[in-house]
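Just so you know, residue 1 is the first one in the sequence shown, and it goes up from there.
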Amino acid sequence: MLNTDKNLKLYYSIGEVADMFGVNESLLRFWEREFPQLSPKKAGRGVRQYRKEDIETLKLIYHLVKERGMTLPGARQRLKTNKEATMRNYEIVERLKSIREELVGMRDALDAFTDGQAEAQKENINNE
């Protein structure tokens, strides 16, 4: 879903940011008009340059609108009145998702190990 390896660069183009979130560039431009908190730097000829802060704001907008299904006015109000709590909730959800992925991986590895042991036991019984 989100690929945000943003620690390497100071500025990202709109195309790079759109790829991070798996959305169209036009959606990012639309969100700029809808959310005053989102204001990427504009270089010559209106070329947008997204900073780390802009990407963090986009994460919240994406989470509220795409993942939680909030309306644009609802998401705008949430960011306006309670951005810190929204950011904490988002971070908790992301941590829980990563823990879940790790646990699922552990379960799958354990299942594979258990299945392998069962097959080895069957072979031992058949060979005796």
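Remark: Arg45 engages no residue in a side chain to side chain contact (heavy atoms under 4.5 Å, CB included) (not counting sequence neighbours). With sequence neighbours excluded, the residues satisfying side chain to side chain contact (heavy atoms under 4.5 Å, CB included) with Ala85 are Asn82, Arg88.
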Just distance, no hydrogens or angles: give the donor-acceptor pairs under 3.5 Å from side chains in residues 68-81, sequence neighbours left out.
residue: Thr71; atom: OG1; partner: Gly74; partner atom: N; Å: 3.1
residue: Arg76; atom: NH1; partner: Glu34; partner atom: O; Å: 2.7
residue: Arg76; atom: NH1; partner: Glu34; partner atom: OE1; Å: 2.9
residue: Thr81; atom: OG1; partner: Gln77; partner atom: O; Å: 2.9

Side-chain donor-acceptor distances from residues 20-33 under 3.5 Å, at least two apart:
residue: Glu32; atom: OE1; partner: Arg48; partner atom: NE; Å: 3.0
residue: Glu32; atom: OE2; partner: Arg48; partner atom: NE; Å: 2.7
residue: Glu32; atom: OE2; partner: Tyr50; partner atom: OH; Å: 2.7

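How far NZ of Lys59 is from CD of Glu67: 11.0 Å, rounded to the nearest 0.5 Å. Rounded to the nearest 0.5 angstrom, Lys66 NZ and Ile61 CD1 are separated by 12.0 Å. With values rounded to the nearest 0.5 angstrom, Thr57 atom OG1 is found 7.0 Å from Met87 atom CE.
Clustering of Ile, Leu, Val, Met, Phe, Trp and Tyr side chains at separations under 4.5 Å places Ile92 together with Leu96. Cluster partners of Met106, by chain and number: Ile99, Leu103. The rule joins Ile, Leu, Val, Met, Phe, Trp and Tyr whenever side-chain heavy atoms lie under 4.5 Å apart.
In terms of heavy-atom proximity, Ser13 sits nearest to Glu16 at N-OE1, 2.8 Å. Residues Lys41 and Asp54 approach most closely at N-OD2, 4.4 Å, considering heavy atoms.
Residues Ile55 and Tyr12 form a side-chain contact, since some pair of their non-hydrogen atoms from C-beta on lies under 4.5 Å apart.
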Item to complete: Carefully, step by step, assess Glu56 and Arg51 under the rule salt bridge (Lys or Arg N to Asp or Glu O under 4.0 Å).
Response: CA-CA 9 Å; Glu56 293 298 321; Arg51 302 166 304 221; over 6 Å; no
